[in-house]
Student: 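Structure in structure tokens, see below.
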Amino acid sequence: MVYVIVATVTAARLRELLGLSASDTPGYRALADAVRLLVAEGGLAPRTRLPSERELTGALAVSRTTVTRAYAELRDAGYLVSRRGSGSVVSLPGSGLTTRVSPVPEALGVHLDDSPDGSVLAWTIASSRAVPGVGRASALAVQALPAYLAQSGYHLAGVPALREALARRYTERGLPTDPDQVVVTAGAQAAWTLLMRSLARPGDRVLLDSPTYPNAADGVRLGGLRPLGVPLDGGRWDLEALGSTVASARPALAYLLPDFHNPTGALMDDETRSRLGALLGRSGTTAVVDETMVDLSLDVEEGTMPLPFGAHDRTAVLVGSASKSFWGGLRIGWVRAPHDVARLLLQRRSGTDLGASLLDQLVVSELLADRDAVLVEQRDTLRAGRAHLLDLLATHLPDWEPSRPAGGMALWTRLPGRGSTQVVAAAERGGLLLTSGPRFFVGPGGEQHLRLPYSRTPEHLDEAVRRLTRAWHALDRPAPTSRAISLTA
Ligand SMILES: Cc1ncc(COP(=O)(O)O)c(C=O)c1O
């Protein structure tokens, strides 16, 4: 049988996706684990053709046996099918491309929720349960709904009440905004997709921090744009590196996360915002600023937060979301842009979608009306989660070096000695799903870090750290079926 191939990944690209630098020489087990995680985390789509064993052997500078055994292990686990004429093709266990059963239940590419019986715990995304106000806001939204029922329900730019509330919020934050500058979308990720489609052309470069929010980088690649990573080390933006990259590559867009950066939690100060805005302006690069985490300030008083990036750079486009402040289930985000860009987005939008859910927009309008009280609760919960997770790590994994971010939803943790991929693979075997460090990197890097969200309940964190600790210590013992070989980065 010959399979339909949706993409082909070269050996050099696979090495990059795996986060391997030129000096890394993984063993077969580590290589198989790394590829499997890449598939499970959505970094490699099913029906993608992998490089031949010979090509990968050359690109990784490992022995042919290493690649042959890694591919054999992936085939056994159902992550690869090999057929004459098709080469080695990525698969998902139990998907029909293979008949084998996955060692991990629900290996569907993205693991978002725990399995119902608790045997598999998903600690992969930084998100929380709905804030308590969502129930009340939903009831109020249903009461407001009849006023809309006689109309079509299509609001390409968003429901006026929500656009007005969002514009007021930007104005309060020091960025005067009128509702015409706001376009409501089905979440921040959808906003980013619409912006890339509207403001860039296939082949254009897009600057991103490395590490960054992985779905944003995936969106760049899926849109036929070229991601360009600039290292973000120690929670500080390197203006010199950013400046020289921007001057030489002239990216069309720069995707930035200045407000509790995901995954590092870093907060960009006003001076850096101003200087970065100026240097992007010199090369005609539009800053797209994802403010998804901006409400989740845990240590900085809201009144003393840096100004929105758009107050320093008038051409910047800001992206917001209700997902982290209130609940991901609402699927509401938005764009705040200069008037001409907002108009352009509306012209281009109908090729992407026809607006966000009206009822959900009304729910978010209600939540914004009660914003202060709702956010006090969300921030208290997150502060408690951060303290609890830091305590758990200090007790059970005292050698680990977690960050203590001033806001956001996750710790960015430095690992002593062991590679992130290895830890994630061991944890997965023990029923804990994590996102590996390299997933956050644009290009090589990430093996020294893990992102650990503190946005889950205390019980979830207790159990997750228990499984993580067990997995960590299991790495000290030889793996049952092979010699354990580490990835180094
Ligand atoms: C930085 C960042 N941007 C965007 C998103 C996605 O937001 P939404 O749910 O609004 O699409 C997330 C969710 O994790 C995020 O962390």
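Order of listing sets the numbers, starting from 1, for every ligand and every atom in it. We count residues from 1, following the sequence as given.
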Student: Under 4.0 Å from a heavy atom of K324: give me the atoms of ligand 1 that qualify, with their elements.
Tutor: 12 (C), 13 (C), 14 (O)
Student: Would you call the rings of F440 and W412 parallel, tilted or perpendicular, where under 30° means parallel and over 60° means perpendicular?
Tutor: perpendicular
Student: Non-hydrogen atoms of M409 versus ligand 1: any pair closer than 4.0 Å?
Tutor: no
Student: Crowded around R383 CZ? As in, over 12 foreign heavy atoms under 6.0 Å?
Tutor: yes
Student: Do any N or O atoms from the side chain of T177 and from the backbone of L175 form a donor-acceptor pair under 3.5 angstrom?
Tutor: yes
Student: Which atoms of ligand 1 have any heavy atom of L257 under 4.0 Å away?
Tutor: 1 (C)
Student: Considering N215, L330, N262, D290 one by one, which has a heavy atom nearer to atom 3 (N) of ligand 1 than any of the others?
Tutor: D290
Student: Using a strict 4.0 Å cut-off to heavy atoms of Q189, name the atoms of ligand 1 that fall inside it.
Tutor: 11 (O)
Student: Please confirm whether A188 comes within less than 3.5 Å of ligand 1 when only nitrogen or oxygen atoms on both sides are compared.
Tutor: yes
Student: Identify, for atom 6 (C) of ligand 1, the protein heavy atom at the shortest distance, and state residue, atom and that distance.
Tutor: Y213 OH, 3.4 Å
Student: Between the main-chain N or O of L194 and the side-chain N or O of S198, is there a donor-acceptor pair closer than 3.5 Å?
Tutor: yes
Student: Could you name each residue pair satisfying ring-ring contact (aromatic ring centres under 6.0 Å, His included) that touches residues 373-393, not counting sequence neighbours?
Tutor: none
Student: Would D269 and T272 satisfy side chain to side chain donor-acceptor pair (under 3.5 Å), going step by step from the backbone distance to the final call?
Tutor: CA-CA 6 Å; D269 60 32; T272 308; 2.6 Å; yes
Student: With a 3.5 Å distance limit and no angle check, can you tell me whether T285 reaches the backbone of P251 through a side-chain donor-acceptor pair?
Tutor: yes
Student: Check ligand 1 against M293 and write out every atom of the ligand that is under 4.0 Å from a heavy-atom position of the residue.
Tutor: 16 (O)
Student: Only heavy atoms of S323, strictly under 4.0 Å: list the atoms of ligand 1 that pass.
Tutor: 8 (P), 9 (O), 10 (O)
Student: Heavy-atom contacts with G187 under 4.0 Å: which atoms of ligand 1 show up? List them by number with element.
Tutor: 10 (O), 11 (O)
